[in-house]
Amino acid sequence: MSGREVFLSPHPDDAVWSCGIELLGVAAAGARPLVVTVFDGDAALPGEGWRRVATPALRRAENAAALAQIGADALSLGLVDAALRTVGGAPIYADAQALRGPLATADRALPVVIAARLAAVVHAGDRLHVPAGGAGAHVDHRVVRLAAAGIAAPQRHYPDFPYAPRRHPAAADAVEPWIAAAALYRSQAVGLFGNRAALAAALRAWNGDSDVTAPRR
Ligand SMILES: [Zn+2]
C-alpha cells in the first residue's frame with residue numbers, strides 16, 4: 001500500500017490557500033490527498049472583531065465545500081483557535097499582535113497533545129506537508145510545526161500564506177483552479193481581505209505573478 005499525501009492545516013483555510021496547487025496536483029494524479037484541520041473546533045468564547053470573523057461552524061462548512069471541490073479527504077481535529085482559547089474563562093492571547101509572539105504558557109502542552117492525535121492518523125508510508133510556521137507566523141502554525149516534529153514520517157515544510165514571503169511560483173494554468181477553490185472560504189476572504197477579488201490578487205502576488213504588485217518584506 002502506497003502512502004498518502006497528508007496536509008496539515010492549522011485553520012480551515014490554510015491548506016487550500018497555501019497548498020491548493022499541490023492538493024489539486026495530487027488529485028489530478030488520481031489520488032485523494034488527506035487534509036487534517038487542527039484548530040477548527042467550537043469555542044466557549046463568543047469572540048468578535050479580530051478574534052473571530054466567522055463562526056467555527058461556518059468555517060468548517062467552507063472547508064468541507066472547498067476540499068470536496070478539490071477531491072481531498074478531510075479530517076477535523078476540532079481544537080480551538082488561539083484567538084478563542086481561554087484559561088479560567090479569560091482569553092490566553094490579549095490582542096492580535098500577541099498571536100504572532102511567544103507561545104503562551106497555557107499552550108506549552110499543545111504540541112504534544114496534537115502529536116498524539118496525529119500519530120493515530122498517520123500511517124507508515126504517508127508523507128506530511130507541514131506549515132513552515134516561521135518566526136512571526138500565527139502561533140497555531142508554529143504549534144502545528146512543533147507537533148509534526150514529534151511524528152515519525154517524512155515531511156515537507158510548505159510556505160504558509162500569508163506569513164511566508166511567497167510560494168514557489170506555479171504555472172498560470174495551475175493558478176486558476178487554486179484561486180477558485182480558495183474563494184470558497186468566503187468569510188475569511190471578506191473578513192481578512194475585504195472581498196474575494198482582493199484575496200485572489202494577494203494569492204497571485206504571493207505566487208510571484210508578474211502582472212501584480214507583490215508585497216515587499
Ligand atoms: Zn492559519
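Residues: numbered from 1 along the sequence shown. Just follow the structure's listing: the first ligand is 1, and inside any ligand the first atom is 1.
- Protein atoms of type N, O or S found under 2.8 Å from the Zn ion (ligand 1) total 4.
- A donor and an acceptor atom, one from each side chain of H129 and E5, are located under 3.5 Å apart.
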Mind listing the side-chain donor-acceptor pairs of residues 67-75 below 3.5 Å, one per line with the distance, residues two or more places apart or on another chain?
{"residue": "D73", "atom": "OD1", "partner": "R32", "partner atom": "NE", "Å": "2.7"}
{"residue": "D73", "atom": "OD1", "partner": "R32", "partner atom": "NH2", "Å": "3.2"}

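- Under the 6.0 Å distance and 45° angle rule, R167 counts as a cation-pi partner of W178.
- V80 shares a hydrophobic cluster with L45, L84; the chain of contacts runs through ILVMFWY side chains whose heavy atoms sit under 4.5 Å apart.
- For the residue pair D160/S18, the side-chain donor-acceptor check at 3.5 Å is not satisfied.
- The ring-ring contact (aromatic ring centres under 6.0 Å, His included) search around H11 returns H138, H141, not counting sequence neighbours.
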